[in-house]
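Before any comments, here is the structure.
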Amino acid sequence: MSVQDKVAVITGGSSGIGKAAAIELVKQGANVVINGRREQALVEAANEIDPTGTHVAYVAGDISDPQIAERLIGEALSRFGRIDTLVNNAGIFIAKPFTDFTEADFESVLSINVAGFFQVTQRALTEMLKAGSGHIVNITASGTTEQPLKAVPSVLAALTKGGLNAATKSLAIEYADKGIRVNAVAPGITKTPMHSVVETHDFLAKLHPMGRMGEAQDIVDAIVYLESAQFVTGEILHVDGGQNAGQW
Ligand SMILES: NC(=O)c1ccc[n+]([C@@H]2O[C@H](COP(=O)([O-])OP(=O)(O)OC[C@H]3O[C@@H](n4cnc5c(N)ncnc54)[C@H](OP(=O)(O)O)[C@@H]3O)[C@@H](O)[C@H]2O)c1
């Protein structure tokens, strides 16, 4: 199924995977509304996604803030008339030994990765229910959740992204008979501004059985596949060079 004329809301659409997804969806004929906290980054991303501004809009602000989530959904409806797809992509990652995590780390990871998901998903789903159709894709994580890596201790990623994997299945079951599909893409370590220190890339590449990091386009390809996969819901699609398959 084509994404032509579909309307997609993408949180964290100003950078990395979210921006790459927005570029691809617009290239394939969709309209997108992107979100992130930094307005200037959104302006620049929107210009990259569609220099004419016809198929892109943005809302700046913290997605864990209910008012920002409300504005994001409102912008999609007022600008493009509906919401077909929500890509829950905004997220942060902090790796450190468990006992080193601070209260601030805990607050920020829970807030962005979990509250952000909750606020925008509840509002998008309400609109999808009215329409009787929709698709939600949660960008979770692979190696830090189901096959934790000794070399990258990151329990808050496991807690939040593992929670999102579970929530994906839970929502998929809850809404399967309402025309709404819910899936997840679980990336391996992917070359985005989240991992901007190039000197770490050799080390990070070795944390995948295939011996390389992911590219943003690898993740985008999975999002586009799920968008077209009308009989797929509740799927956690690992795009991780084999990390989730087991030990190596
Ligand atoms: N790259 C990887 O190796 C990797 C691996 C597994 C999973 N993931 C997941 O993939 C997703 C995208 O990551 P990425 O690598 O593309 O990261 P990125 O390049 O750092 O992009 C993150 C995006 O999220 C936005 N964002 C962060 N906090 C936000 C908040 N509170 N409210 C609204 N927007 C917020 C950022 O914009 P602002 O900073 O302006 O807010 C930015 O647009 C994340 O959920 C991440 O956990 C990434």
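As the structure is a prediction and not an experimental result, all values here were calculated from the model. Each ligand, and each atom within it, is numbered from 1 in the order the structure gives.
- Distance from atom 19 (O) of ligand 1 to its nearest protein heavy atom, with residue and atom name: S15 OG, 2.6 Å.
- In terms of protein heavy atoms, atom 37 (O) of ligand 1 is closest to S14 OG, 3.4 Å.
- With K191, M194, R38 as candidates, the residue nearest to atom 20 (O) of ligand 1 on a non-hydrogen basis is M194.
- N165 and T140 share a donor-acceptor pair across their side chains, judged by distance under 3.5 Å alone.
- Distances from atom 8 (N) of ligand 1 to the heavy atoms of D65, V87, T190, T140 put T140 nearest.
- Counting only non-hydrogen atoms, the option in Q40, R37, E39, H195 that gets closest to atom 30 (C) of ligand 1 is R37.
- Using 4.0 Å as the threshold, I112 has a heavy atom nearer than that to some atom of ligand 1.
- Close approach to G16 involves these atoms of ligand 1, each under 4.0 Å from a residue heavy atom: 16 (O), 19 (O).
- Among protein heavy atoms, the minimum distance from atom 11 (C) of ligand 1 is reached at N89 O, 3.1 Å.
- Interface atoms of ligand 1 facing D62, defined by a heavy-atom separation under 4.0 Å, are 30 (C), 31 (N), 32 (N).
- Nearest to atom 5 (C) of ligand 1 among the protein's heavy atoms is G188 O, 3.2 Å.
- Think of I92 as one node in a network of Ile, Leu, Val, Met, Phe, Trp and Tyr side chains linked at under 4.5 Å; its network also takes in I94, F98, F101, F106, V109, L110, I112, V114, V155, L156, L159.
- Residue pairs that meet the side-chain hydrogen bond (donor to acceptor under 3.5 Å, both in side chains) test with at least one member in residues 145-158, sequence neighbours left out, are E146-H238.
- When only non-hydrogen protein atoms are considered, atom 32 (N) of ligand 1 lies nearest to I63 N, 2.9 Å.
- Using a 4.0 Å cut-off between heavy atoms, K161 contacts ligand 1 through its side chain alone, with no backbone atom that close.
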